[in-house]
J.: 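One structure, as structure tokens, below. Some questions next.
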Amino acid sequence: MMPPPAHVEETRREAGLQSPQPARARWAHAWRISTRYFVSDDWKWAWFLIACYCVIEVGTTYVFLLTNSWQRAFYDAIEQRQGGLFLSLVGMFMMIAGLAVGTSFLHNIVGWTLSIRWRRWLNDWYLGRWFARDRFYEIERLRMIDNPDQRIAEDVRAFTSMGLEYGQSPLSILIALVFNLVRAVAFATILLQTSSPLAIPLFGYRIPLPGGDLIWFSIAYVLFGTVFITWIGKPFVRRKMREQHYEADYRAGLIHVRRNGEQIAFSHAQRIEQDGLKGAFGDIRRNFYQLMLANAGLSAGQDIYQRTMQVVPLFLTVPKYFAGAITFGQVQGARDAFTQFSSNLSYIVQAYPSIARQVANINRLKALDDAIDYERPSGIGFTPGGTADGVAIRVENLELRRPNGAPLLGVADWTVREGERWVIEGPSGTGKTTLLRAISGLWPDGSGDVAMTRRGSAMLVPQRLYLPMGTLKGAVCFPDQPEEHDDAAIAALLEKVGLGAHVDHMHELRMWQDELSPGEQQRVALARILLQRPTLLIVDEATSALDGDNAAFFYQAVLDAMPGATIVSVVHNEKLAAYHTHRLRLDHGRATTALIAQDKA
């Protein structure tokens, strides 16, 4: 089961433990991320597609008006038994239907094209910011928000969807709202033809209202329905946001099992993992019941609203038909116009589920943006290239702290000169790995100064080696491109480090992170070191999965290939200290330095 994110401010908001940010701030953020694409390097396509989208909406409005006019003529022809008009009206209907199909087809093509171009740009924008300044690492290290991957993949997709099956984007909702108002005005002119004057009695006077009874009854009906649907829909918004959170946690738990299948099987931890997944799904189930009730109430309210909308105009126009004031075709036309007019005015009611989903998406994207933009004060000064000649690493008055502020380790003064080989030793939990992160510029918590040389090249080999998705040759050549090195050289390296069995498969696309054992992955690390030959090598327990002989071979191979390299390594095997010239001993929160006797080397 995935651990919950830390109780930072945005996390508490998403959990409902803290009031949300003001609506103005959230909608201002939505406006900013909506408009960025339209001033980007793809702005010409963006505005062209939006213009096409709006023209198609105008065409759709024209089709609606033609349909209403056709209905009046058709039902009048039926009432008056004008058989001679029937075939011409059928032909007109076919033309109107063709126009409707054409506008619908173009609407989908333009909407889908705009969606994917917009999503591509916004996806690249988020990925660039997520990777910049190692924000992906900092967000996970501090557990600032949950599931940033889902927000970039799914919330961005929904935010840019122009009427696809993923929902409607805020932009498409806004455009639809504008054109629904335009259609409402157009259908209001039709309603005026069958409306009766309406006046309000006030202090003995009758004050006439502009328009007519059908228009004012429709407006009153829409206002009541909008307020009612908005009120009953509030729980749906909250539950929809929690659904996204719980579903993402459940998927993360399933991925955890898939990636750690061997360890779980060896440890017989199936019951623990299954219980954890059941607990995560339990959150989904409990929220689902509440979401079901919220959705049922919202759907019932919408259904009542839509059904009532179909009969209200009949109640208002049929008496006029019986009185001979209007024709049967006008009754049907007024019914259709009333329905269209009310439907256009009540677009908010119809689109409420989409609006609710977008509110949840906007809140989650704002949390992602806040986490990416969050500038956590760095107490440790890191200066690349700030060392004197002959010095590879310089540490002064370094105090390492945990993320919660608790002290971890103090290193008063430590200088690593070029060509020296330092081993860092100490009990588990004393801060060895954290110290390596600090001298690599990845740990901001604490105080003091760290400087690292820029002369030559540096390589950091963590406990868990990074293997990019792709081929084994690509994993060995990283960070170079595979084509920069010939196959024979890579094959020789694989044979040298004991991975000769994989030479014939080094061009195959596999999940090498999962297929190679920890010991084999550390052999890949050795091959990578021997290929790149860095002048500064920082190693964090890179031989922990190797037996004693192979661990010794690891260091001996590095010394043979790079006799003048500067090395800083964390080891637990005391025998490996013999391959170093200096020792940094960590104990009880302090560090001491010593020279390793040359006769032990």
J.: Does D486 use its side chain to pair, donor to acceptor, with the backbone of A489 at less than 3.5 Å?
T.: yes

J.: Would you say that more than 12 heavy atoms from the other residues, nucleotides or ligands in this model lie under 6.0 Å from the CZ of R141, or not?
T.: yes

J.: Step through the shown structure and confirm whether more than 12 heavy atoms of other residues, nucleotides or ligands are within 6.0 Å of CZ on F48.
T.: no

J.: Do we see a donor-acceptor contact under 3.5 Å between the side chains of D449 and N397?
T.: no

J.: Check step by step if side-chain hydrogen bond (donor to acceptor under 3.5 Å, both in side chains) holds for S569 and E541.
T.: CA-CA 7 Å; S569 59; E541 297 189 52; over 6 Å; no

J.: Is it the case that R135 places NZ or CZ above or below the six-membered ring of W130, under 6.0 angstrom from the centre and within 45 degrees of the axis?
T.: no

J.: How close do L49 and V110 get, counting heavy atoms only, and between which atoms?
T.: O-CG1, 3.5 Å

J.: Could you tell me whether R394 and D413 make a salt bridge, using a distance below 4.0 angstrom between a side-chain N and a carboxylate O?
T.: yes

J.: Can you give me the closest heavy-atom contact between E425 and A577, atom names plus distance?
T.: OE2-CB, 3.7 Å

J.: Got a donor-acceptor contact below 3.5 angstrom from the N361 side chain to the R357 backbone?
T.: yes

J.: Determine, step by step, whether M506 and L494 satisfy the side chain to side chain contact (heavy atoms under 4.5 Å, CB included) criterion, reporting the C-alpha distance in whole Å, the side-chain angles of both residues, the deciding distance to 0.1 Å, and the verdict.
T.: CA-CA 9 Å; M506 65 177 176; L494 291 175; 4.2 Å; yes

J.: Would you say Q521's side chain and Q513's backbone share a donor-acceptor pair under 3.5 angstrom?
T.: yes

J.: For R455 versus G390, what's the shortest heavy-atom pair and its separation?
T.: NH2-N, 3.6 Å

J.: Taking the side chain as every heavy atom from C-beta outward, state whether Y555 and H580 have any pair of such atoms under 4.5 Å apart.
T.: yes

J.: Roughly how far, to the nearest 0.5 Å, is the OH atom of Y137 from the CH2 atom of W443?
T.: 6.0 Å

J.: Is there a side-chain contact between L442 and D134 in this structure, where contact means two heavy atoms from C-beta onward sitting under 4.5 Å apart?
T.: yes

J.: Enter the distance from I380:CD1 to L400:CG here, rounded to the nearest 0.5 Å.
T.: 5.0 Å

J.: Between I362 and I33, is any pair of side-chain heavy atoms under 4.5 Å apart?
T.: no

J.: For E508 and T471, which I'm curious about, is there any donor-acceptor pair between the side chains at under 3.5 Å?
T.: no

J.: May I ask you to say whether R129 pairs ionically with D369, meaning some side-chain N is under 4.0 Å from a carboxylate O?
T.: yes

J.: Determine which pairs satisfy ring-ring contact (aromatic ring centres under 6.0 Å, His included) with at least one residue from residues 472-502, sequence neighbours left out, and list them in order.
T.: Y466-F478, H502-W512

J.: Are the side chain of R421 and the backbone of V568 linked by a donor-acceptor contact shorter than 3.5 Å?
T.: no

J.: Answer yes when D514 and R258 have at least one side-chain N-carboxylate O distance shorter than 4.0 Å, and no when they do not.
T.: no

J.: Do side-chain atoms of T387 reach the backbone of I393 as a donor and acceptor pair under 3.5 angstrom?
T.: no

J.: Between E574 and R583, is the closest basic N to carboxylate O distance under 4.0 Å?
T.: yes

J.: Quick one, I173 and S354 - any side-chain contact, counting heavy atoms below 4.5 Å?
T.: yes

J.: Determine, step by step, whether Q463 and T433 satisfy the side-chain hydrogen bond (donor to acceptor under 3.5 Å, both in side chains) criterion, reporting the C-alpha distance in whole Å, the side-chain angles of both residues, the deciding distance to 0.1 Å, and the verdict.
T.: CA-CA 9 Å; Q463 295 181 38; T433 297; 3.2 Å; yes

J.: What distance do M459 atom CE and I567 atom CD1 have between them, rounded to the nearest 0.5 Å?
T.: 12.0 Å

J.: How many angstroms lie between OG1 in T543 and NE2 in H572, if you round to the nearest 0.5 Å?
T.: 10.0 Å

J.: For the residue pair L106 and V55, establish whether any side-chain heavy-atom pair is separated by less than 4.5 Å.
T.: no

J.: Under the 6.0 Å and 45° cation-pi test, does R117 pair with W121?
T.: no

J.: Could you check whether any side-chain N or O of R242 sits under 3.5 Å from a backbone N or O of I284, counting only pairs where one atom can act as donor and the other as acceptor?
T.: no

J.: Just wondering, do I529 and V558 contact through their side chains at under 4.5 Å, heavy atoms?
T.: yes

J.: Tell me whether F136 at atom CZ has more than 12 heavy atoms from other residues, nucleotides or ligands lying less than 6.0 Å away.
T.: yes

J.: Closest heavy-atom contact between P482 and G474?
T.: CG-CA, 3.7 Å

J.: I want to check something: taking the side chain as every heavy atom from C-beta on, are R528 and L465 in contact at a cut-off of under 4.5 Å?
T.: yes

J.: Short question: side chain of E520, backbone of S517 - any donor-acceptor pair under 3.5 Å?
T.: yes

J.: The test is side chain to side chain contact (heavy atoms under 4.5 Å, CB included); show your working for L122 and Y37 and say whether it passes.
T.: CA-CA 7 Å; L122 198 58; Y37 171 60; over 6 Å; no

J.: Please check if the side chain of R364 supplies one atom and the backbone of R151 the other of a donor-acceptor pair under 3.5 Å.
T.: no

J.: As an exercise, state the distance from CD of E420 to OG1 of T566, rounded to the nearest 0.5 Å.
T.: 7.5 Å

J.: Checking K473 now: which residues fulfil side chain to side chain donor-acceptor pair (under 3.5 Å) with it, not counting sequence neighbours?
T.: D487

J.: Short question: side chain of K432, backbone of G426 - any donor-acceptor pair under 3.5 Å?
T.: yes

J.: Return yes when atom CG of D549 has more than 12 non-hydrogen atoms of other residues, nucleotides or ligands closer than 6.0 Å, and no otherwise.
T.: no

J.: For a quick test of reading the model, state the closest non-hydrogen atom pair linking A438 to F382 and the distance between them.
T.: O-CD1, 4.0 Å

J.: Between W118 and F38, is the ring centroid distance below 6.0 Å?
T.: yes

J.: Could you check whether any side-chain N or O of S115 sits under 3.5 Å from a backbone N or O of T160, counting only pairs where one atom can act as donor and the other as acceptor?
T.: yes

J.: In Å and rounded to the nearest 0.5 Å, what is the CG to CG distance from D480 to L531?
T.: 6.5 Å

J.: For R36, look at atom CZ and say whether over 12 heavy atoms of other residues, nucleotides or ligands are found less than 6.0 Å away.
T.: yes

J.: Between E399 and L408, does a side chain to side chain contact (heavy atoms under 4.5 Å, CB included) hold up when you go through it step by step?
T.: CA-CA 8 Å; E399 292 288 340; L408 177 61; over 6 Å; no

J.: Do you know which two heavy atoms are closest between V461 and A542, and how far apart they sit?
T.: CG1-CB, 3.9 Å

J.: So, do E138 and P444 sit near enough that their side-chain heavy atoms are less than 4.5 Å apart?
T.: yes

